[in-house]
Protein chains: 2
Amino acid sequence: MRKSVSRHTRQKDVMLQGLRECEGFVSAQDLHRRLSDEGLNIGLATVYRQLRSLEEVGSVDTIRLNGQQMFRICEDNGHHHHLICERCGRTVEIEPPDEQWLRHIASDHGFTMTSHTLEVFGLCPDCQRRDDADHAGADTQVQTAAQAGAQTVA
Amino acid sequence: MRKSVSRHTRQKDVMLQGLRECEGFVSAQDLHRRLSDEGLNIGLATVYRQLRSLEEVGSVDTIRLNGQQMFRICEDNGHHHHLICERCGRTVEIEPPDEQWLRHIASDHGFTMTSHTLEVFGLCPDCQRRDDADHAGADTQVQTAAQAGAQTVA
DNA sequence: TTACCTGCAAACGCTTTGCATCATA
DNA sequence: TATGATGCAAAGCGTTTGCAGGTAA
């Protein structure tokens with residue numbers, strides 16, 4: 001069993017560049033489209049493969065939103081959580097909750113904690129403003145895509 | 001615009017019964033298979049449709065695990081979170097984190113919080129024991145399905 | 001020259017939908 | 001009897017994979 005060495009390719013650069021240009025989380029498909037629009041040709045499969053390996057190494061962190069996996073570059077390592085705008089995907093990192101507390105809760109039930117997720121969804125200042133403007137005109141349809149999405153709990 | 005009235009059907013009963021028999025979260029497919037095995041015929045599409053409407057009403061809560069949506073009956077309303085065994089899906093409800101704190105964090109960044117997720121993954125006592133037994137034999141492959149799954153952050 | 005990486009397209013798994021039929025109220 | 005619910009199969013969607021050709025080292 002030989003250890004394979006990762007090679008440097010144009011596509012990898014393109015990927016990182018694309019990720020860095022994003023403010024918040026992007027889906028694989030969006031990232032691919034965005035790169036294609038810039039004329040930086042790269043296969044969709046490659047985007048997925050690259051994102052997966054970046055995830056494994058911990059260079060991107062991911063969440064699930066609207067049935068898709070969303071990715072965000074993350075140069076620093078270490079565990080953190082996000083405050084996410086459910087409209088535009090803009091992201092702010094927030095401090096982790098008290099992990100000791102979580103671990104404690106787990107062991108109270110005989111569980112050994114291995115991991116946890118915490119995501120806070122909301123509207124960023126800009127989208128809020130835009131939202132208010134919209135409401136001034138027509139004010140039906142309160143439900144947003146993200147709220148309709150799976151994993152979020154009110 | 002007339003309000004449509006929900007009808008009582010055999011399938012709905014079967015669904016609820018099936019859900020009640022589950023200790024933790026089940027996927028739609030598993031639930032369907034489980035019911036079929038019991039001879040309670042019900043279409044897969046119906047299972048999905050039913051789960052969706054139960055979710056809308058708040059009678060089930062859901063999480064995402066391994067790329068599937070998992071469902072769990074939840075007779076009480078009110079927001080809560082879960083401690084989930086990543087091996088067998090067994091679930092324990094835990095108290096919500098300090099929501100005021102989350103809301104505060106959000107507004108610190110100009111966000112309006114609309115929702116949040118918190119899931120704690122681990123091994124339940126039983127699976128832990130089973131795991132130890134396995135390790136006594138072969139002790140390779142540490143990675144579990146759930147750890148490899150998307151939304152979990154180490 | 002080796003073997004990792006890429007692109008394409010086909011395959012996949014979960015979920016949703018169109019439509020004809022069934023059955024509740 | 002009217003119309004919401006169901007079942008089937010097909011379609012949809014995001015994601016993964018097989019494979020032949022490309023390319024870094």
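Chain letters run A, B, ... following the sequence lines, proteins first and then strands; every chain starts at 1.
Between A:Gln50 and the phosphate of C:dT6, there is a side-chain N or O to OP1/OP2 separation shorter than 4.0 Å.
The nearest whole Å value for the distance from the CG atom in A:Leu31 to the C1' atom in D:dT15 is 15 Å. Between the CZ atom of B:Arg64 and the C1' atom of D:dC13 there is a distance of 11 Å, rounded to whole Å. To the nearest angstrom, P of C:dT16 lies 7 Å from CD of B:Gln69. For the pair A:Arg10 CZ and D:dA24 C1', the interatomic distance rounds to 14 Å; values are reported in whole Å. Protein atom CG of B:Leu44 is 10 Å distant from nucleotide atom P of C:dC14, rounded to whole Å. Distance, B:Gln11 CD to D:dA5 P: 11 Å, rounded to whole Å. For the pair A:Tyr48 OH and C:dA11 P, the interatomic distance rounds to 19 Å; values are reported in whole Å. The nearest whole Å value for the distance from the CG atom in B:Asn66 to the P atom in C:dT15 is 11 Å.
Minimum atom distance to the side chain of A:Thr9 is reached by C:dT6, of the listed D:dA5, C:dT6, C:dT16. For A:His8, the listed nucleotide lying nearest its side chain is D:dA24; candidates were D:dG14, D:dT16, D:dA24.
Each of A:Ala28 and A:Ser6 has a nearest nucleotide on DNA chain D; the 5'-most of these lies closest to A:Ala28. Looking at which nucleotide of DNA chain C each of A:Thr46 and B:Ala45 is closest to, the 5′-most match is held by A:Thr46. Where B:Arg7 and B:Val47 meet DNA chain D, the nucleotide closest to each residue was compared, and B:Arg7 sits on the side nearer the 5' end.
Residues A:Phe25 and A:Leu65 are not in side-chain contact: their nearest non-hydrogen atoms beyond the backbone lie 4.5 Å or more apart. Looking at B:Glu23 and B:Thr91, their side chains never come closer than 4.5 Å, going by heavy atoms from C-beta outward.
The aromatic rings of A:His81 and A:His116 sit tilted, their planes meeting at an angle between 30° and 60°.
Between B:Cys127 and B:Cys85, the closest heavy-atom pair is SG-SG, 3.7 Å.
Residue-level contact check: A:Ser27 touches neither bases nor backbone, having no heavy atom under 4.0 Å from any strand. Within the nucleic acid shown, B:Gln29 comes within 4.0 Å of at least one base atom, counting heavy atoms only.
Contact of A:Arg49 with C:dT6 (side chain to base): no donor-acceptor pair of N or O atoms is detected under 3.5 Å.
Inspection of the B:Gln11 and B:Thr46 side chains reveals no N or O donor paired with an N or O acceptor under 3.5 Å.
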